[in-house]
Amino acid sequence: MFKKILIANRGEIACRVAATARRMGIKTVAVYSDADAQAKHVQVCDEAVHIGGSAPKDSYLRWERILQAAKDTGAQAVHPGYGFLSENEEFAKACAAAGLVFIGPPAAAILAMGLKAQSKQLMEKAGVPLVPGYHAADQDPALLQREADSMGYPVLIKASAGGGGKGMRIVEATADFADALASCKREAINSFGDDAVLVEKYVQRPRHIEIQVFGDTHGNCVYLFERDCSVQRRHQKVLEEAPAPGMTEALRKQMGEAAVAAAKAVNYVGAGTVEFIVEQTGYDQPESMKFYFMEMNTRLQVEHPVTEAITGLDLVEWQLRVASGEPLPLKQEQLRIHGHAIEARICAENPDNNFLPVTGSLQVYRKPVCSSFERGDVRVDDGVREGDSISPFYDSMVAKLIVHGDTRAQALARLDEALSQTRIVGLTTNVQFLRHIIRTDSFATAKLDTALIQREEKALFAQEPLGLALTAAAVVANTLHHERTLKDGDPFSSRDGWRAYGVATRKFGFVFHGASYAAVLTYAHDASLQLCVADADGDVSGTLAYREDGDALHISFAGQHTRVQVFHHREGHEDVAHVFAPQGATRITVVDALAHAGEVQEAGGRLTAPMPGKVVSFSVKAGDIVKAGQPLAVMEAMKMEHTIAAPTDGEVLELLFAPGDQVAEGEELLKLKV
Ligand code: ADP
Ligand code: ADP
Ligand code: MG
């Protein structure tokens with residue numbers, strides 16, 4: 001076994017590889033770019049070498065520099081992770097030339113599977129079923145068009161060198177073919193430097209089911225069952241699970257053996273994945289499932305942890321053993337599936353804005369602490385810590401959440417809980433979107449296909465999980481709790497003395513989903529807190545109660561009881577409160593001007609406006625004798641009416657405004673003799 005390896009990658013996969021190496025007593029060398037000088041992967045490795053600028057071409061793709069780093073540190077082997085140099089045949093060769101072991105397949109296998117068209121020609125010979133299509137070398141546009149016409153539409157044009165969901169065009173009709181071909185070729189040459197394409201039948205509502213394979217240098221090759229990666233956006237995976245729902249033993253064996261045949265056809269060694277597209281006529285008809293080879297990924301896959309979860313194996317350990325010349329630890333008949341596993345990719349992106357990646361810093365980053373966490377049924381693979389940034393240079397994946405359960409239903413429940421416990425503040429992520437997906441009828445009942453996200457669109461986008469009233473109540477409770485903890489002398493933070501003043505109100509202004517709202521908190525005679533949240537559909541009012549529970553608050557308001565955690569985050573001039581609750585997370589802007597301007601009275605009987613607004617009415621006139629708590633005036637601000645009550649018994653001397661008048665914050669409304 002190696003004594004020291006270099007990890008030619010970054011982020012979660014570099015950390016993942018380092019963890020296994022450490023467990024096996026293998027020293028690790030990290031490489032890092034300028035942007036990654038303080039990155040987690042640098043911290044978790046034993047040594048680290050700076051290899052250049054932040055852009056991948058200046059660092060993680062500079063293989064001469066990486067090989068030099070390996071030599072300088074005495075590493076014996078290089079683990080490429082995924083992405084970057086992992087499927088670069090020349091890099092694999094260069095490692096060998098430099099006397100280093102490339103922890104991956106032989107260069108020839110990478111080459112053979114590198115181009116989709118060529119690999120299909122190979123697979124055809126090996127008897128692996130293919131999607132009907134054209135994958136020969138002749139790229140004459142007229143020929144491609146004729147092939148597409150004879151296949152029947154829709155067809156899919158794919159860049160042969162493509163990857164990561166890029167370089168694909170669906171063509172619905174013959175008239176659109178020429179334009180789609182030209183645009184696909186443009187993207188292919190720009191992204192992959194190669195404009196060769198293949199054309200294949202576009203399978204309707206297919207599933208993506210892939211087989212994990214493993215080969216060794218002794219001629220053994222096994223399959224570690226399947227992963228269903230049908231839930232995709234932009235042809236990229238979002239959720240992956242194993243085993244595939246509805247899979248039969250017979251089909252599993254057929255697909256597994258086809259994958260092994262594919263691997264053997266290229267003398268495969270190490271971890272690889274054979275991706276199949278699966279046609280089905282219905283969701284519960286496994287006998288209708290027909291599988292076709294799509295491509296082989298000659299590396300460890302992002303979603304490998306679900307396979308680890310159901311097999312109990314460490315695939316990185318297997319990679320290291322195989323690369324050092326050991327035979328595969330287990331034979332096919334020794335491999336078993338235990339329970340069900342699901343992985344969710346947490347990405348810095350905005351699902352409501354076409355999944356555009358976002359950058360920013362992880363002001364708050366808390367991982368799940370749910371009960372199953374301690375039992376090892378929830379795993380988080382990441383390459384970041386709280387405070388780290390998601391930069392524009394690399395992938396937008398923040399973390400992977402992997403859950404395991406005895407059944408799919410149990411795994412699903414754990415995933416929902418783990419997602420609800422994931423707290424990220426500082427940048428937009430798909431965490432809520434993931435929760436919405438797993439709660440859809442389609443996902444919950446395993447009606448899977450690659451169109452799931454489109455089909456469930458209504459339930460997935462622009463969903464508000466908590467609602468204004470509960471969100472506002474959480475922020476108010478959190479503010480009060482915080483003030484009380486700080487003991488900063490705010491009237492609401494200490495009960496004593498306050499009661500003597502009678503009813504007091506305090507006002508909070510909010511902007512929620514683009515609209516302004518106000519909430520009025522009244523400290524009642526019985527010392528309870530009464531909250532009224534002005535909602536567009538009518539006010540919600542009731543008693544607000546809260547108590548501390550670890551790092552969260554239990555709140556109860558208007559018939560709802562929940563556990564919330566609130567984080568305030570400055571965005572420009574705005575104070576944005578992020579509210580996390582078991583049922584979901586949301587954000588609300590707290591309008592500063594009102595957050596602290598609450599007192600409606602001061603000693604000496606001055607009654608002032610708590611906020612800028614309009615006087616709606618007075619319910620008293622000069623000379624009236626009033627009791628503490630009696631309504632005196634109604635003001636309107638921020639879409640809601642606000643009743644100003646007498647702070648104490650007294651006599652109204654003079655009204656200083658008339659209904660309809662605009663008043664500034666702090667202006668005296670009426671004179672009261674106490
Ligand atoms: P998978 O099936 O494992 O998700 P992908 O082809 O989507 O495979 O890519 C795997 C990972 O590698 C993704 O996170 C992707 O963003 C990253 N990746 C793919 N190609 C590159 C590349 N050329 N440079 C850097 N990262 C890449
Ligand atoms: P990449 O290299 O980008 O991963 P793939 O060939 O693996 O490209 O295809 C990516 C995704 O595109 C698949 O997971 C599937 O959702 C979709 N796809 C690919 N081929 C077809 C097809 N023939 N019919 C329908 N969908 C397809
Ligand atoms: Mg693929």
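Throughout, residue positions are numbered sequentially from 1 according to the sequence presented. When a ligand or atom number is given, it counts from 1 through the structure's own listing order. Worth knowing before you read on, the calculation uses all heavy atoms, side chains too, and leaves out hydrogens, waters and symmetry mates.
Not one N or O of Leu156 is nearer than 3.5 Å to an N or O of ligand 2, by distance alone. Residue Gly164 has at least one N or O atom closer than 3.5 Å to an N or O atom of ligand 2. For the pair Lys158 and ligand 2, the shortest N or O to N or O distance falls below 3.5 Å.
Residue Gln236 places no heavy atom under 4.0 Å from ligand 2. In this structure, Gln204 does not count as a contact residue of ligand 2, since none of its heavy atoms falls inside 4.0 Å of the ligand. Ligand 2 lies nowhere less than 4.0 angstrom from a heavy atom belonging to Lys237.
Taking every non-hydrogen atom of Lys116 and a distance limit under 4.0 Å, the qualifying atoms of ligand 2 come out as 1 (P), 2 (O), 5 (P), 6 (O), 8 (O). Remark: ligand 2 atoms within the under-4.0 Å shell around heavy atoms of Glu200 are 20 (N), 21 (C), 22 (C), 23 (N). In the vicinity of Lys201, heavy-atom distances shorter than 4.0 Å reach the ligand 2 atoms 22 (C), 23 (N), 24 (N). Taking every heavy atom of His208 and a limit of under 4.0 angstrom, the matching atoms of ligand 2 come to 13 (C), 14 (O). Near Gln232, meaning under 4.0 Å from any of its heavy atoms, are these atoms of ligand 2: 11 (C), 13 (C), 14 (O), 15 (C), 16 (O). With ligand atoms numbered from 1 in the order given, ligand 2 contributes 1 (P), 3 (O) to contacts under 4.0 Å with heavy atoms of Gly165. Against a heavy-atom cut-off of under 4.0 Å, Thr450 is close to the following atoms of ligand 2: 16 (O).
Relative ring orientation between Tyr153 and Phe177 is described as perpendicular, the plane-to-plane angle rising above 60° on a 0-90° scale split at 30° and 60°.
In this structure, a donor-acceptor pair under 3.5 Å is absent between the side chains of His340 and Gln410. Glu275 and Gln301 share a donor-acceptor pair across their side chains, judged by distance under 3.5 Å alone.
A distance below 6.0 Å separates the ring centres of Tyr60 and Tyr394.
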Contacts table for residues 107-118: side-chain donor-acceptor under 3.5 angstrom, sequence neighbours left out:
from   : atom 1 : to     : atom 2 : distance (Å)
Lys116 : NZ     : Gly162 : O      : 3.4
Lys116 : NZ     : Glu295 : OE1    : 2.9

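Here ring pair (Phe, Tyr, Trp, His ring centres under 6.0 Å) pairs that include residues 227-280, with residues two or more places apart or in two chains, are Phe276-Phe291.
In this structure, Arg345 fails the cation-pi test against Phe433, since its NZ or CZ atom is not both closer than 6.0 Å to the six-membered ring centre and inside 45 degrees of the ring normal.
If you check each of Met168, Lys166, Glu295 against atom 9 (O) of ligand 2, the one with the closest non-hydrogen atom is Met168.
For the side-chain contact (heavy atoms from CB on, under 4.5 Å) test with Lys237, the passing option among Glu210, Arg227, Glu343 is Glu210; the others fail.
Using a 4.5 Å heavy-atom threshold, the side chains of Arg455 and Asp449 count as touching.
Rounded to 10°, the angle formed at the Mg ion (ligand 3) by Glu295 OE2 and Glu275 OE1 is 90°.
The pair Arg207-Glu279 fails the salt-bridge criterion, with no side-chain N (NZ, NE, NH1 or NH2) lying under 4.0 Å from an Asp/Glu carboxylate O.
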